[in-house]
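These values consider heavy atoms only, across backbone and side chains, with no hydrogens, waters or symmetry-generated copies. Per chain, numbering begins at 1; letters A, B, ... match sequence-line order. Since we're looking at a predicted model, the values are computed, not measured.
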2 protein chains.
Amino acid sequence: MEPERYLGGGVILAYKELAGRAFLERLEGRKPLFVCVIGTTETAKIPGISAAGKNPDFTDYTPPADVELLLLGRCRSISGLPVTPEGIPTPALITRSALKLADIPTFIVSGGLMIEPHVPFLDLGGSPGEDIRRGRAVKDAEKVLQRARILGEELAKAGEYLVIGESIPGGTTTALGVLLAMGVDARDKVSSSMPNNPHLLKVKTVEAGFEASRIVPGSLAQDPLRAISCVGDPVMPAFAGLVLGAAQRIPVLMAGGTQMGAILAIIKALNPSILANVAIGTTRWIISDKTSDLKGIVAQIADIPIFAADLNFGFSNFPGLRAYEMGFVKEGVGAGGAAIAAMLKSRGTLTSDRLLKEIEANYELLTKV
Amino acid sequence: MEPERYLGGGVILAYKELAGRAFLERLEGRKPLFVCVIGTTETAKIPGISAAGKNPDFTDYTPPADVELLLLGRCRSISGLPVTPEGIPTPALITRSALKLADIPTFIVSGGLMIEPHVPFLDLGGSPGEDIRRGRAVKDAEKVLQRARILGEELAKAGEYLVIGESIPGGTTTALGVLLAMGVDARDKVSSSMPNNPHLLKVKTVEAGFEASRIVPGSLAQDPLRAISCVGDPVMPAFAGLVLGAAQRIPVLMAGGTQMGAILAIIKALNPSILANVAIGTTRWIISDKTSDLKGIVAQIADIPIFAADLNFGFSNFPGLRAYEMGFVKEGVGAGGAAIAAMLKSRGTLTSDRLLKEIEANYELLTKV
């Protein structure tokens, strides 16, 4: 059966359609704040894990470059744009275009970074993440989560709802780690920025972390902070803390793909009472992806709505954008959620087509030499 | 002649009453954001310059402790509260009480710090300030100002107006430095957290900085960034950048005493077109102070309104609060502006008396052993 659609087809109600429609109606025409949580993990440097950078060592520069693009309209930490090894551009291009067109205020939060961005960012006292194979991935997860909660409470006083995205290369592997540690069967279900999803490599990486930290699948179902500390990444405590702080008061759209499954498991374990204020916003590319299963992950945790922005780059003039239709990149930097928020804020005046035009114009501008 | 009053006497229109009344009417009932800019300067450690700490070496801890109080309701960097050598408590107590009662979202911005706070803060890439007697007080003033401007633009999308306060021990001495460098006669006019304002010591300190940096009074009238770099402090570029970014779009209430004169001179030199969106909010203690002259400073720069919160601690049960009526502390951490914003947001329902009750309750709670 085809999922229901909303706002002239711009938003696909991909999971829990009835609750999803009610949730969207609470957001329509309201004023959101967009928050992008960034971090880095050494896990991204394992060859074959991440395509969020020209090569593995470049992944440290991707999150700062992404958020520079969001705030400045161009990158400062690198020249040009973050791209995959094949040259496919960052989804931050989608996010930037949506936030700009809809005039949505944007704040950057660092969970822990190797390279700091050349734009203002909120510091939570976190450190860059280690390789999860060592089993000690994140320092001070509790501290970062508590500070993020404080920040979420303040942001919730300032906006009518929150859209939270992330940029961390290697993030689906660490998500797999936390999901498995917490007893969610996410094997072969997490997404990838590559068309050929390296599931086996991700599982082996997580298993090494489990061995090093002496945990088994499901053993940390009630201890999300330890799961993060052992096999997670520094974005997780920051992202989860923001949701925990904000969703007590306002709706929160968690903007991302299968990594949102890990955040959902974490927040559910810490405060299930906020789940009625939480939904996931992603892209059609994630929903249609045959190599991953966001709904299958979420259904094991909590019945919250999933929305997808119905973006289609198939008729774009730019091969770099058409590649999104072939399974490259798919999501990231809150692209899907930002597109949904832009459509909702404009009550549908801002369509997927209009957004694509803006994305193409920005892409052309930024790749001109 | 007595100045005009507003909101049942809670707000004193201390300068430019007609324009001031129109400005306040634009804010009444609207939703502000409060931003506290913090920084440290070695200048505060010159004996006799600052009372914002038990002793000069404690001044590094005062700004982080102040903003912890704002966000958490208690300090983490120190035990108890920041106090003067006489034990008079920080004005952050006023700010916290006002922001809490009026449910005003609060963000912390660092211009450059020796000690980082245990709460989320916006990092602009700045460094702690040097002793201005060496003539090289602030690194990267231009970079910090540009980043703050970007941040101000985002904050202006999120709030209906901005209230910006500061906490930097030694800040009136650096303000004197920048004002004199820019040709504003501020000699014997800047305020002090002590009843006996050490004007001579401040002037000598500034003169040493002038000599070291080979500037003379007025020689940097057109070069505020160089004035900051030589004899300013790290709060200045952050504060000024925030105003420059936000006041293009929304009203900005600069919350502070005579230090606001230096900010005003800086922003006027960089973009005078925004001045119609700018006013100063302070306390009655600053307006009544015989040892300083805020109006006399502002009148030399730009005819913007000055408001004062009509706080009176004379009948408080607590000697530490009654000391405010004897010339101790007077202002800081945006206390006056936060009180004004709380009154305006509540359309006067929140009175000075109600605020004092909350301040006393918080003070009692925080000084209990």
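Listed by chain and residue number, Q146(B), L225(B) satisfy the side-chain contact (heavy atoms from CB on, under 4.5 Å) test with E142(B) (two or more places apart in sequence, or in another chain). Contacts of A156(A) classified as side-chain contact (heavy atoms from CB on, under 4.5 Å), with partners at least two apart in sequence or in another chain: A246(A), R249(A), I250(A). For the side-chain contact (heavy atoms from CB on, under 4.5 Å) test, residues two or more places apart in sequence or in another chain that qualify with K143(B) are D140(B), R147(B).
When side chains are defined from C-beta on, L7(B) counts as touching E28(B), because their heavy atoms get closer than 4.5 Å. Contact of the I164(A) side chain with the F239(A) side chain is registered, since non-hydrogen atoms from C-beta on lie closer than 4.5 Å. When side chains are defined from C-beta on, I228(B) counts as touching P237(B), because their heavy atoms get closer than 4.5 Å. When side chains are defined from C-beta on, S127(B) does not count as touching V144(B), because their heavy atoms never get closer than 4.5 Å.
Using a 4.5 Å cut-off between heavy atoms, P32(A) makes no contact with chain B at all. Contact annotation for L33(B): only side-chain heavy atoms (C-beta onward) come within less than 4.5 Å of a heavy atom of chain A.
Contacts with chain A (heavy atom to heavy atom, under 4.5 Å) involve these residues of residues 100-110 of chain B, listed by number: D103(B), I104(B), P105(B), T106(B), F107(B).
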